[in-house]
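Order of the sequence lines sets the chain letters (A, B, ...), proteins ahead of strands, with each chain counted from 1. Fair warning: this is a prediction, and the values are worked out from it, not measured in the lab.
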Amino acid sequence: MFDTILSGQIIQYLFTGLTIGAIYALTALGFNIIHNVTGIINFAQGDFVVWGGLLMVMFARFFGFPLPVAFFSVVGVMVFIGAFIYYFNIRPIKKPSILTMIMVTIAVSIILQGVAMFIWGKEPYALPSFIEGPPVYVYGAYIMRQSFWVLGISVAMVLFLTFFFNRTLIGKAMRACADDPGAAGLVGISTPLMICAAFMLGSALGAVGGAVITPITLMEYDRGAMIAIKGFGSAILGGLGSFSGAVIAGFMLGILESFATGFVSSAYKDAISLVLILGVLFTKPEGLFGSGANKKA
Amino acid sequence: MKKTAFILFLSVFFFVLSTASGWAADNEPYKIGAIVAVTGNASFLGDPQRNTLEMVVDIINEEGGINGRPVELVLYDTESNASRAVTLARRLITRDNVLAVVGPSTSGESMAVIPVVNRAEVPMIAFGASTRIAEPVEERKWVFKVVPGDDLAIRLKYDYMKRNGIDKIAIATASTDYGISGRQHMRELAPEYDIDIVFDDTYGPGETDLTALLTRIRGTEAQAIINWSIGRTQIVITRNWKQLGMTIPLYQSYGFGSARNIEMAEGAAEGVIVPVSRIVIADLIADDDPHAPVVKRYKRLYEERFNEGVSVFGGHAWDAMFQLRDALAEVGPNRSAIREYMENISGFVGNNSIFNRSPQDHVGLDMDAYVMVKVKDGDWAIIDE
Amino acid sequence: MTDQILEVKNLTKRFKGLVAVDRLSFSLETGIIKSLIGPNGAGKTTLINMITGFLSPTAGEIIFRNRLQKHNQAHRIAASGIARTFQTIELFKNMTTLENIMVGCHLRSAKEIISSAFRLPGVKKEEEKIRDLAWHHLKSVNLEKYAGQKAGNLPLGEQKMLEMARAMASNPSLILLDEPVAGLNEAESQRAMEMILSIRGQGVTVILVEHDMKVVMQISDEVLVINYGRWLAEGSPRDIQKDPNVIDAYLGGEAIGACH
Amino acid sequence: MTTNTALKVSSFTVFIMILPWVLNLSSATAYYVDVMIFVAIHSIIGCGLSLLLGYAGQISLGQAAFYGIGAYTSGILTVRMDVNPWFAMAAGIFVASAIATAIGIPTLRLRGHYLAMATLGFGMIVFIVFNEYIALTGGPSGFGNIPPLSLMGHPIESSFSFYYLSWLAAIIVLTASLNIVNSRPGRALRSIHDSDKASASLGINVAMAKVKIFVVSGAFGALAGSLYAHYLTFVNPPAFDVFFSLKVLMIVVIGGIGSVWGAVFGAALLNFLPEWLVFLHDFDVLAYGIILLLVVMFSPQGIYGLLAGAAGYFFKFIRKESDHD
C-alpha cells in the first residue's frame with residue numbers, strides 16, 4: 001500500500017518535472033542558438049516564452065482560430081518580432097561589447113514586458129488543453145494530456161534543430177558563422193543575415209515553449225525573468241553552446257525542482273535550483289557534462 | 001479728503017477681504033487623503049478602490065456635502081510600493097494637510113505607513129487585510145481597519161468543517177504576506193476546533209504548477225484542503241486539483257471571491273468552497289437581509305458608472321469613506337475627534353457587515369462578515385444550512 | 001661565468017597535442033639585449049607568455065634572479081621585476097597618456113581603496129610621487145605634448161613608445177618586448193631602437209622578439225633562434241647570420257638574406 | 001581630487017544645501033524634499049554600481065541584495081537586539097562587505113554574461129531568503145518600528161532633517177568615489193576595463209581589484225539600504241527584488257557610466273520621472289525600458305555625458321565669442 005502510493009508519487013513528480021523541464025530545455029536551446037551565432041546572451045529569451053503563451057491565448061481564445069492555425073500564427077509573429085529586434089536594436093549598435101549587448105537585451109526584455117502588460121494587462125490567462133479530456137492514470141499518477149503535448153513538441157523541436165543545423169544549407173551556414181565569422185564571410189555567407197536568422201529561430205523557439213505550456217501553467221506578462229534564469233541555468237549546466245547538454249540539463253532541473261517540492265518544500269524549490277546553478281557556475285563553468293562548450297548538436 | 005478716501009478704500013478692502021475669507025472658511029472643503037495602489041502588482045485592489053472613492057465623494061457632494069461643506073479627495077498612487085506609500089502619506093499630512101487618510105491597499109503598505117500616521121496623529125483607515133494592522137491596539141491608536149480579519153474567515157471554515165465531520169486537513173499557503181497571515185491563524189485556531197493539520201506547506205507566489213504539492217497531500221489522511229493565496233496560484237491549485245482527480249474538497253481563502261477566478265479555472269472550480277463577502281454575492285442575498293440596501297446600492301451604482309464588475313476591494317473604500325462622512329458630520333474637522341468617533345462607531349452597516357468598534361477593537365467585525373459559498377454551475381451558490 | 005638574470009630549463013608547452021615550445025633551455029646574462037627570432041609559429045610569443053606568467057608551462061623550469069618562478073599569476077611575476085609589451089598593442093585606450101604611465105607605477109606605490117577614498121594622510125604625497133615619476137618616464141620618450149590625450153588617439157609609433165615607457169615605469173630588471181618596431185616607418189623604428197638601447201643603458205636586461213632582422217642584427221648582443229619550439233641556434237648576431245641551420249630554417253633565407 | 005572636481009563637488013554641495021529652502025517656498029514643491037531623499041539614497045547605491053560597471057567594466061544585476069542586507073541588518077539589530085542605530089548601520093555595511101567578498105571571489109572570475117547571470121541569481125536567492133526565513137526577517141510581511149537615527153539625542157525623522165543626513169552621506173560617498181577614481185586603485189580598475197592583460201603585466205592583481213571594488217559597491221549598497229530602513233522605519237522584501245537591481249542598473253546606465261556623477265543624475269531622473277509621468281500609470285516601466293535602450297544605442301555616455309558634452313561645447317563657444325571681442 002505504502003509502496004504503491006510512493007511509486008505513484010514518484011511518477012507524478014517525474015512527469016511534473018519533465019513538463020516544467022521541457023520549458024527550461026526549450027528556453028536553453030533558444031539561448032544557445034542566439035549565443036552560438038552571435039556570442040550574445042539574450043536576456044529577453046524568457047519574454048519570448050511569455051509572448052508565445054499570451055499570443056496563443058489571444059489567437060486561440062479571443063480570435064477563435066483553430067489550434068494549428070493559432071500555433072503557427074504565434075510562431076509567425078514571433079519570427080517577425082525576432083527579426084525586428086535584430087534589425088532595430090542589435091544591428092545599429094556600433095561597438096557591440098558584451099556589456100552593451102547585455103544592457104540592450106535587458107532593455108528589450110523590459111520593453112517586451114511593458115508592451116505585454118499594455119496589451120494583455122496583468123491578469124494570468126488560461127488556455128484549454130490542446131486535446132480535451134481527463135488526465136491519464138499511470139501507476140498511481142495522473143498525467144495531464146497536455147504534458148504529452150509539451151514533451152512531444154519539445155522532442156520534435158530537438159529533432160528539428162538537429163536536422164536544421166546538420167542538414168539544411170541555412171543551418172550549416174549559421175554554424176559556419178558561429179565557428180568563424182570571417183571565413184564564413186569569405187565563402188559568401190552574410191553574417192548579419194545569419195544573426196537575424198538566429199534571432200528569428202530563438203524567438204520562435206521560446207514562443208513554442210510558451211504556447212504549449214500555457215494550458216498547464218497559465219501565463220502572465222511578468223514571468224520572463226524567472227524563466228530566463230532557469231533556462232540560462234540549464235544552458236550553463238549543459239555546457240553553453242551544447243544542444244544535447246541543454247536539453248538534458250533542462251529536464252534535470254525540472255525534475256530536481258519537482259522532487260524538491262515533493263520531498264523538501266515548495267518554498268525553497270527556486271532557491272535549491274538557483275544554488276545548483278551558481279554552484280556549477282563557480283566550480284565548473286564549462287557545464288556538468290565535461291567540455292561541452294561550443295559543441296554543437 | 002484724500003485721506004478719508006484712502007481710509008474708506010482700506011475699510012472697504014478689508015471688509016471685502018474679511019467676508020471673502022470668512023466665506024471661504026465656511027465653505028472650505030473637508031480634505032480627505034487617499035493612498036491606493038492604482039498601479040503595480042496590487043492594482044487589482046487599488047483600481048476599484050480609487051473608482052469607489054471618487055464615486056463616494058461625488059455622492060456625498062451631490063447630497064450637499066457634510067454640514068454644507070464639500071469633501072475634497074486628494075488621491076495618490078502608491079504603485080503598490082511600500083516606500084512610496086510612506087512618502088505619499090507624509091505628503092498628504094504635511095503638504096495637503098488632510099483630516100484623515102484612507103488606504104493603503106495592501107497589508108505591507110499599511111504596515112509601513114502606520115508609524116507615520118501615529119507620529120503625526122492623523123486617523124487612518126487602512127484597506128489591508130492583515131490582522132496585524134489593527135493589533136496590538138495600544139500601538140495602533142490612530143489606525144483603523146475595514147477588512148474583516150483572516151481569523152474570522154477561518155473560524156467560519158473550521159465551524160463548517162466540524163459540522164461536516166472533517167477533522168484532518170491539509171493546508172497550503174503562498175509565501176506572501178496574505179498567505180503567511182492565513183497560515184498563522186489556521187495553525188493557531190485548529191486546536192480550538194479540534195482540527196488536526198496533517199499537512200502544511202508553503203509555496204512561492206510565482207508557482208506555476210502545484211501537482212507535486214497536491215500529490216503529497218494525496219499521500220496523507222487529509223479529508224480537505226485549505227489553500228490560502230491570492231492571484232494566479234489559487235487558480236493553478238484549483239486546476240491541478242481537478243486534473244489530479246482529487247476527491248477531497250478544496251477550500252479557498254476569501255481572495256478567491258471573484259467571478260474571474262471561476263472563469264479562469266475553466267470548469268475546474270466546481271465544488272470549491274469559499275467564504276466570501278456579501279458584495280460578491282450581492283444578487284443572491286435576500287432583500288430582508290440588513291446588508292441588502294448597502295450592498296445592492298453599491299453594486300448598482302458602481303456597475304452603472306464604471307461598466308465593470310464590482311469587487312470586494314472597492315467595498316472597503318465605500319465603508320471607509322462613509323464612516324468618515326458620519327464622523328465629520330458629527331464632530332467636524334478635528335483629527336482627534338474623528339479618531340474618537342471612529343473608535344466608538346457602532347451599528348454602521350457597510351459592505352463588510354456591521355461595524356461595532358471599541359477602544360479594544362479597531363476593526364469591529366465578527367464572523368457574520370463572511371458567507372460560505374460553493375461554486376456551482378460556474379457561479380456562486382450560498383451553502384444553505 | 002657572468003651574472004645570470006634568467007635561466008630557462010627544458011621548458012615545454014603543449015596545446016592539445018600541439019607542441020608549441022619543446023624542451024627549450026637557455027640562459028640570459030644581466031644587462032644585455034637578447035633577441036629571440038624564428039619563423040612564424042616558432043613559439044616565440046608562447047615563450048614570452050610563459051616567462052611573464054600569462055601561460056603556465058607544461059614542463060620545465062624558469063629561474064629568475066636565482067629563484068624558481070612559481071608559474072602562477074602574471075601580476076606576481078610582474079612584481080618580481082619582469083615587465084613586457086604586447087605584440088598587439090595593449091594600451092589603456094580610454095585613459096590619458098600620462099595615466100597610462102601612472103598605472104605603470106602601480107608596483108612602486110601602495111595606497112589602497114579605503115585610504116584613497118578618504119584621502120588619508122600620505123595619499124596626496126604618494127599621488128604626487130606617482131605623477132612626478134610618470135612625467136619623468138613620459139619625458140624619456142618625448143611624449144609630454146600628448147600627456148592629456150587619450151592613449152587610443154595617439155599615432156601608432158607613439159603608442160609603441162608609450163607602451164615601452166609604461167613597462168619601464170614599473171621599474172623592472174628584465175623587460176620583454178614583443179615586436180616593438182612592427183608596423184613602424186623608418187624614423188619611428190629608429191626612435192624605438194634608440195629607446196631599446198637606452199633601456200639597456202639603464203641596466204635593464206632586454207628580451208626582444210622581432211621580425212625585422214635589420215633591427216635585430218643592429219642592436220642585439222645575443223640572438224637565440226628557435227624553430228618549431230626547439231632551440232636551433234644561439235650566439236652573437238654575426239655568428240647567427242652564418243649558421244647553416246638558421247639559414248636552412250628560414251627557407252630561402254628571405255629575412256636573413258635581406259640583411260646582407 | 002583635482003581642483004576642477006573639488007569645485008564641482010563644492011558647488012553641488014551648496015546647491016543641495018540651499019535646495020530644500022527653495023522647495024519649501026511653495027507648498028506645491030515642498031514634497032520634492034521627500035523625493036530628493038530617495039535621490040540621495042539611490043545615488044549612494046548608484047555610485048557603487050557606477051564604480052563597478054563604469055570603471056571596472058563588471059556588471060552586477062544583484063545590487064538589490066546588498067541594499068536589502070543593509071536594510072535588514074539595521075532593522076533586525078535595532079528592533080530585535082536594541083542595538084544603537086549607528087552601530088547597526090555599521091554592522092550592515094560590514095555584513096554586506098563580508099558577503100560581497102565571499103560571493104565576489106568566485107563570481108568575479110566569471111566574465112560578461114556569466115557574471116550578469118550569477119549576480120542575478122545571487123540577488124534572487126537573497127530575495128528568497130528575505131521572503132522565507134520568517135523567524136529572522138518577518139517573511140513577506142516584513143517588520144516595522146525600526147528606530148530613526150539620532151544625533152545627540154535628537155531623532156532624525158522629519159523629512160527636512162533626513163534630507164540633510166541622506167545628502168551628507170551621498171556627498172561623502174560621491175567624494176569618496178571620485179577620490180577612488182582619481183587615484184591608484186581607481187586607475188588600476190580603469191586599466192582593467194581597457195586591457196586586463198596589460199594591467200596584469202604591470203603588477204595589478206586583476207581578480208583582487210575586481211573583488212575589492214565589488215565589496216565597495218556592496219558596502220555602498222548596504223549604506224543606502226540602512227538609510228532606507230531608518231527613514232521608512234519599515235522593511236519588507238518587495239523593495240529588494242530583481243526589479244530594484246534593474247532599476248539601479250538603469251540609474252547608472254541612463255545617468256551615464258562614464259562618471260560617478262552619472263549615478264546622481266540617473267537617480268534624480270528615475271525618481272522625478274514618475275512624478276511627471278503620472279499619466280503613464282504602470283507604463284512608466286515601458287518608458288524606462290525605451291530610455292535605457294535609446295541611451296545604450298545612441299548615447300553610451302548617458303545623460304551626464306550628453307550634458308557634459310553640451311556644456312563643454314557651450315563654454316567653448318562662449319570663450320570663442322569672447323576671444324573675438
What part of B/T202 is in contact with chain D, defined as an atom under 4.5 angstrom from a non-hydrogen atom: side chain, backbone, both or neither?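 Side chain only.
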Euclidean distance, [Y] [atom2] relative to [X] [atom1], rounded to 0.5 Å:
X	Y	atom1	atom2	value
D/D34	B/L88	CG	CG	9.0 Å
D/N145	B/M111	CG	CE	7.5 Å
B/T87	D/N271	OG1	CG	9.0 Å
B/R183	D/I134	CZ	CD1	6.0 Å
D/F243	B/N81	CZ	CG	10.5 Å
B/R90	D/I37	CZ	CD1	6.5 Å

Could you report the tightest heavy-atom contact between B/G108 and D/F234, atom names first, then the distance?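 Minimum heavy-atom contact is O-CZ, 3.4 Å.
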If every non-hydrogen atom of D/E132 is compared with every non-hydrogen atom of B/S175, which pair is closest and at what distance? OE2-OG, 2.8 Å
Chain B contact via D/F143 - side chain, backbone, both or neither, heavy atoms under 4.5 Å: neither
Decide yes or no for D/T233 and B/R119: does some side-chain heavy atom of the first lie under 4.5 Å from some side-chain heavy atom of the second? yes
